[in-house]
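Some notes on the structure that comes next.
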2 protein chains.
Amino acid sequence: MDDEQPTLADVARAAGVSVATASRALTGSRPVSGDRVRRVQEASRALGYHPNAVASALRLQRTETVGLVLPRYTTGFLSALIESVSEGLEQHRISLVLRYSEADAQHDVDNVGSLIARRVDGIIICPPSLEASRESIAAAGAVPVVQVGRFVETDRTDSVGLDEDRATDLLVAHLAERGVRSILVVGLDQEVAADSRRIRALALAASAAGLELAVAPFTAAVLEGGIRAGEWLVAEGGVGEVPEGGRGGRPVDAIVCANDDVAAGVLAVLRMHGVAVPARVQIASLLDLAPGAEDHSVTTLRHPWPAMGREAVRLLLDARQPGHDRIARRVTLAPQLVPGASTLP
Amino acid sequence: MDDEQPTLADVARAAGVSVATASRALTGSRPVSGDRVRRVQEASRALGYHPNAVASALRLQRTETVGLVLPRYTTGFLSALIESVSEGLEQHRISLVLRYSEADAQHDVDNVGSLIARRVDGIIICPPSLEASRESIAAAGAVPVVQVGRFVETDRTDSVGLDEDRATDLLVAHLAERGVRSILVVGLDQEVAADSRRIRALALAASAAGLELAVAPFTAAVLEGGIRAGEWLVAEGGVGEVPEGGRGGRPVDAIVCANDDVAAGVLAVLRMHGVAVPARVQIASLLDLAPGAEDHSVTTLRHPWPAMGREAVRLLLDARQPGHDRIARRVTLAPQLVPGASTLP
DNA sequence: TTGTACGCGTTATCAC
DNA sequence: GTGATAACGCGTACAA
């Protein structure tokens, strides 16, 4: 109720001991006689004392604080990550400072700069863009950084991401089980390193399962891109004509999309043109964008966000240890296959 | 790259001035000759200096930090609030410390205690439960608190919430326009003060529009409650039989549910029993639980979360002003009606 | 076991 | 305009 928070000196005075003893009694950093411990604790409670974490941080050169930097997604598909990170940190009595980033590089550097100024003990960052984030990660200097979700190559930061190989294997196996013979990939860009890796992994998994695989011309990995891809498919992609082997085109019977948005676009256009899904063509997505939703119309791969958050916290706290050798570690976690109505049951 | 962050003393030494001058040059708190300003800024940049916000906070007795306490919802329907609060604070260069609360009262008090220990300048809290939160709000002591979303009566905190009267008016008007004559309310508990207020507001709006209104026996305001309510409706609620005025029961042609979950349960059960929605009965919800989703099957009222976040920040920053009189202010914002397929177009 | 005194990095006060 | 210095609240090395 008082306007000023009581200080350790107030507690010590009330308990009739020195500030040193009061400090030791409350933190348990050194032995104090049982009698005085009790007196200090009573005084502390009576005064409503809350240790000043600011002063403590200044003295200890440690804030017990971690920064989390996320891209701003109105769909909120990262809230599961926030919650799991928050929970993991809370178990270690560490506070979470949250910042949102824009694609704008300068904003990202400012974000990290602000966290550095606050002397956070570590930073967990989901890089908003590959080029912008390299700079901001470098700006972190000596502060431990863990990247989560997306991933910028550096030699100094740990990272936790999806096990991409496992993801493609899972999806291809699912499709093969449902009788698929030939897959068309939509929304991945051969020119982008990460995408091209995914394509290669898909091709590998497909050939191992005896399936054919082709890649559609690139369209942006958003809803509009899916719609454009759907229209291309109907016009030229060997999906429009009902009988198999119509022209020289490949008789595609499955479409794998970069993410849920693309898949939604493709699905809508195909249905508009009377293409039966999943009877004639099955559709699946490589990336779940709405982990909250329970009813999935499209079969998709879900990021294990809670586990990723826990893992990021673990890496970060481990990197705080004095004897840490600072060799970049990369943890990958398996995605979860979420079956939807767009593939056969 | 160095392991230690440079301090103001380092900058001052490099620039050949005193720490006092360096401080003044960087903060602009007092005039410094142009020449020295330039030298200090150069030294600062050359050393990669970031002012230590911890030391500054200790000295100024102000952390430029605000705590946000939210209930843990895996649906993530509060992410819009987090984003808007974060954005509002960022404009004032204030950092956001995020904590999740449980229904457990002790946990909630601990949350606030941790924020007090960190000496946050203010707290924005969405009370997880009415009884638990009164205590934690009291624990905030002299720190300004703004409640958002839900609302615990206190005489000392500002709050921002939904304009409930406007909400009920909006929904009743929508239904009246669609030819509704008689409304049944589901999922609201007469025994709970807030719910009973809502029921009264609905009754008022209904009678003003010439509609009848009745309240179904209370079932929990979650999906299961909606299912139970749906079954009750089919069996006894005057919805199952097709012709109007079958028994003495009221010929209900609209159901207003406490929230989307309840509505989803009711909708599913009615459809299972062949009741045509919205042709025979229209369904609407008083509370949108998934502001992210674009396709709403149920007509609902959406909280203006972004505006609520902005308003909460505004109230909090205003309460930090020295001359603030600490009289509790309550801001209410109008919800947005989101039409779905469960009412006539 | 206990107390005294210093320093963490910054800003405000005071004297020049 | 500028510089020396005290103080913010705490933890701990040192002395007792």
Side-chain angles (χ1 to χ4, degrees), chain A residues 2-41 43-44 47-65 93 114 116-121 142, chain B residues 2-41 43-44 47-65 93 114 116-121 142:
Chain A
D2 288 340
D3 232 54
E4 294 295 328
Q5 292 280 340
T7 74
L8 192 57
D10 297 326
V11 174
R13 201 174 311 118
V17 300
S18 71
V19 282
T21 301
S23 171
R24 300 194 265 248
L26 291 176
T27 65
S29 64
R30 272 163 178 282
V32 173
S33 73
D35 175 44
R36 295 183 193 229
V37 169
R38 217 170 308 113
R39 291 213 320 263
V40 170
Q41 282 174 345
S44 165
L47 293 177
Y49 171 70
H50 289 273
N52 186 330
V54 176
S56 173
L58 182 59
R59 176 64 234 246
L60 296 175
Q61 301 287 70
R62 206 155 23 85
T63 55
E64 301 292 325
T65 283
R93 335 207 97 240
S114 154
I116 299 294
R118 291 226 128 75
R119 297 301 190 267
V120 294
D121 298 333
Chain B
D2 287 340
D3 230 54
E4 294 296 327
Q5 291 280 342
T7 74
L8 192 57
D10 297 327
V11 174
R13 200 173 312 119
V17 300
S18 71
V19 281
T21 300
S23 171
R24 298 195 267 248
L26 291 175
T27 65
S29 63
R30 270 162 180 283
V32 174
S33 74
D35 175 44
R36 297 184 191 228
V37 169
R38 217 169 310 112
R39 289 207 330 258
V40 169
Q41 282 175 344
S44 164
L47 295 177
Y49 171 70
H50 288 274
N52 187 329
V54 176
S56 174
L58 180 60
R59 178 62 234 245
L60 296 176
Q61 302 287 67
R62 204 155 25 84
T63 55
E64 302 292 324
T65 283
R93 335 207 97 239
S114 155
I116 299 294
R118 292 228 128 74
R119 298 299 191 266
V120 294
D121 299 332

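All of these numbers come straight from a predicted model, not from anything done at the bench. Chain letters run A, B, ... following the sequence lines, proteins first and then strands; every chain starts at 1.
Boundaries of the chain A contact region on DNA chain D are D:dG9 to D:dA13, first to last in 5' to 3' order (nucleotide atom under 4.0 Å from a heavy atom).
Looking at B:Thr63, its side chain never comes within 3.5 Å of a backbone N or O of B:Ala57 through a donor-acceptor pair. Of the possible donor and acceptor atoms, one in the side chain of A:Asp121 sits under 3.5 Å from a partner among the backbone N and O of A:Glu64. One N or O on the side chain of B:Arg39 and one on the backbone of B:Ala15 form a donor-acceptor pair closer than 3.5 Å.
The distance from atom CZ of A:Arg24 to atom P of C:dT2 is 8 Å, rounded to the nearest whole Å.
Considering every non-hydrogen atom in both B:Ala14 and B:Leu47, the closest pair reads CB-CD1, 4.2 Å. When all heavy atoms are compared, the tightest approach of B:Tyr49 to B:Leu8 is CE1-N, 3.6 Å.
Rounded to the nearest 0.5 angstrom, B:Arg62 CZ and B:Ser56 OG are separated by 8.0 Å. Residue B:Arg93 holds its CZ atom at 8.0 Å from OG of A:Ser114, rounded to the nearest 0.5 Å. For the atom pair B:Asn52 CG and A:Leu58 CG, the distance stands at 6.5 Å (nearest 0.5 Å). A distance of 5.0 Å separates OG in B:Ser33 from CZ in B:Arg36, rounded to the nearest 0.5 Å.
In this structure, A:Leu60 reaches the sugar-phosphate backbone alone: every heavy-atom distance under 4.0 Å involves primed, P, OP1 or OP2 atoms, never a base.
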Any protein N or O atoms within reach of nucleotides 5-7 of chain C? Criterion: under 3.5 Å, listing atom names and distances.
residue	atom	partner	partner atom	Å
C:dG7	N2	A:Arg59	NH1	3.4

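Within residues 25-41 of chain B, the residues that have a heavy atom under 4.0 Å from DNA chain D are, in order of number, B:Pro31, B:Val32, B:Ser33, B:Arg36. Within residues 8-18 of chain B, the residues that place at least one heavy atom under 4.0 Å from DNA chain C are, in residue-number order, B:Leu8.
Using five terminal pairs a side, the axes of the helix from C:dT1-D:dA16 to C:dC16-D:dG1 at its two ends make an angle of 40°, given in steps of 10 degrees.
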Expected list for residues 17-27 of chain B: side-chain donor-acceptor pairs under 3.5 angstrom, two or more places apart:
residue	atom	partner	partner atom	Å
B:Ser18	OG	B:Thr21	N	3.2
B:Ser18	OG	B:Thr21	OG1	3.2
B:Thr27	OG1	B:Ser23	O	3.0
B:Thr27	OG1	B:Ser29	N	3.2
B:Thr27	OG1	B:Ser29	OG	3.3

Taking it one step at a time, do B:Arg119 and B:Gln61 satisfy side chain to side chain contact (heavy atoms under 4.5 Å, CB included)? CA-CA 8 Å; B:Arg119 298 299 191 266; B:Gln61 302 287 67; over 6 Å; no
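Counting heavy atoms from C-beta outward, A:Gln5 and B:Ile116 have side chains that approach closer than 4.5 Å. Residues B:Thr65 and A:Arg118 form a side-chain contact, since some pair of their non-hydrogen atoms from C-beta on lies under 4.5 Å apart.
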